[in-house]
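We're numbering straight along the sequence, starting at 1. Side chains included, hydrogens not; waters and symmetry mates left out as well; all remaining heavy atoms used.
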Amino acid sequence: MMTQALGELIGTFILVVLGDGVVAGVSLKRSKAEGAGWIAITLGWGLAVTLGVYASAFLGPAHLNPAVTIGFAVIGKFPWSSVLPFVIAQLIGGFLGGVFVWLQYYPHWAATKDAPAILGVFATGPAIRKPWANFFSEAFGTLILVFGLLTFTRGQWTDGLNPIGVGILITAIGLSLGGTTGYAINPARDLGPRLAHAWLPIANKGTSDWSYSWIPVLGPIVGGIIGAALFTLLP
């Protein structure tokens, strides 16, 4: 169990370092990637998830997402006794990923005066703040994610290619559904770095927007459970 939890920590760390890293590169002032846009962010996140899965799959199942872990447990595809250790490891990995993105882009925080853009490096936020619409967006995106991941288990993949399919799925969700809330679809990806934003001495940072923070945590968990339950209806 400890080895598998370590895999979750490492994989989620890589996922957040590379995923939040591409957002930092696009959003922060005087970055060479500044202004590259949404396509760069969604492609970067898809690659981040792919590489996080590759880096951790030899240690365990590489969920890297509490919504996946809980959804799989609800339908009996993962033991409940392992859920809490996995979720804790994922949150730690997300937090550490946020810390290292801060270090990587250290001079750029002082050059960036836009506090919401700085928060957006670490955590998601809505394009239009409508809490229940935002909740639906996160739940629905995660439903597609978990349902898709489970369908992958029914198909035949050439050895070693499954993480690429996962990355394509993440990229598709980001491109098609992510414009509403920034598509956390993963509580650890949002809450871990949000805690880093709150605790780190980041230049020019503002609020960590805790009034919104429940949506990218509970929305994905609800969506993950529904997506897993729908999968069980397939013949």
Find the distance between [atom1] ([X]) and [atom2] ([Y]) and round it off to the nearest 0.5 Å.
| X | Y | atom1 | atom2 | result |
| --- | --- | --- | --- | --- |
| Ile215 | Lys130 | CD1 | NZ | 12.5 Å |
| Glu34 | Lys29 | CD | NZ | 4.5 Å |
| Leu169 | Ile144 | CG | CD1 | 8.5 Å |
| Thr151 | Leu234 | OG1 | CG | 8.0 Å |
| Ile88 | Ile92 | CD1 | CD1 | 7.0 Å |
| Trp38 | Leu43 | CH2 | CG | 11.5 Å |

Is the side chain of [X] donor-acceptor paired with the backbone N or O of [Y] at a distance under 3.5 Å, no angle test?
| X | Y | result |
| --- | --- | --- |
| Asn204 | Ala110 | yes |
| Glu8 | Ala62 | yes |
| Thr50 | Pro163 | yes |
| Ser137 | Ala133 | yes |

Heavy-atom count around [X] [atom1] within 6.0 Å, excluding the residue itself: above 12?
| X | atom1 | value |
| --- | --- | --- |
| Ile128 | CD1 | no |
| Tyr54 | OH | yes |
| Lys113 | NZ | yes |
| Phe152 | CZ | yes |

If Ile, Leu, Val, Met, Phe, Trp and Tyr residues are connected whenever their side-chain heavy atoms lie under 4.5 Å apart, and connections chain through other members, are [X] and [Y] in the same group?
| X | Y | result |
| --- | --- | --- |
| Val68 | Val53 | yes |
| Ile14 | Val87 | yes |
| Ile164 | Leu47 | no |
| Val121 | Ile39 | no |
| Ile185 | Ile70 | yes |

Using a distance-only test with no angle check, is there a side-chain donor-acceptor pair under 3.5 angstrom linking [X] and [Y]?
| X | Y | answer |
| --- | --- | --- |
| Thr124 | Asp190 | yes |
| Thr69 | His63 | yes |
| Gln90 | Thr12 | no |

With heavy-atom distances below 4.5 Å as the criterion, would you say the side chains of [X] and [Y] are in contact?
| X | Y | answer |
| --- | --- | --- |
| Pro61 | Phe86 | yes |
| Leu28 | Trp109 | yes |
| Arg194 | Trp210 | yes |
| Phe72 | Leu150 | yes |
| Ser56 | Leu64 | yes |
| Trp102 | Lys205 | no |
| Thr42 | Ile170 | no |
| Val74 | Trp80 | yes |

Ring centres under 6.0 Å, that's the criterion: do Phe122 and Trp199 meet it?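 Judged by ring-centre distance (under 6.0 Å), Phe122 and Trp199 do not meet the cut-off.
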Would you check, one step at a time, whether the test side-chain hydrogen bond (donor to acceptor under 3.5 Å, both in side chains) holds for His197 with Ser208? CA-CA 7 Å; His197 177 272; Ser208 298; 2.8 Å; yes
Test side chain to side chain contact (heavy atoms under 4.5 Å, CB included) applied to Phe95 and Leu91, step by step: CA-CA 6 Å; Phe95 175 82; Leu91 288 170; over 6 Å; no
Considering all heavy atoms of both residues, which atom of [X] and which atom of [Y] are nearest to each other, and what is their separation?
| X | Y | result |
| --- | --- | --- |
| Ala228 | Gly71 | CB-O, 3.3 Å |
| Val217 | Ser213 | CG2-O, 3.5 Å |
| Ala48 | Leu18 | CB-CB, 3.6 Å |
| Gly179 | Ala127 | O-CB, 3.6 Å |
| Ala40 | Val22 | O-CG2, 3.6 Å |
| Trp214 | Pro131 | CZ2-CB, 4.5 Å |

Carefully, step by step, assess Tyr212 and Thr181 under the rule side chain to side chain contact (heavy atoms under 4.5 Å, CB included). CA-CA 11 Å; Tyr212 178 80; Thr181 61; 3.6 Å; yes
Could you walk me through whether Ser211 and Arg129 pass the side chain to side chain contact (heavy atoms under 4.5 Å, CB included) test, one step at a time? CA-CA 11 Å; Ser211 65; Arg129 189 175 291 257; 3.9 Å; yes
Side chain to side chain contact (heavy atoms under 4.5 Å, CB included) between Asp20 and Arg189, worked out: CA-CA 9 Å; Asp20 283 4; Arg189 168 266 176 275; 3.5 Å; yes
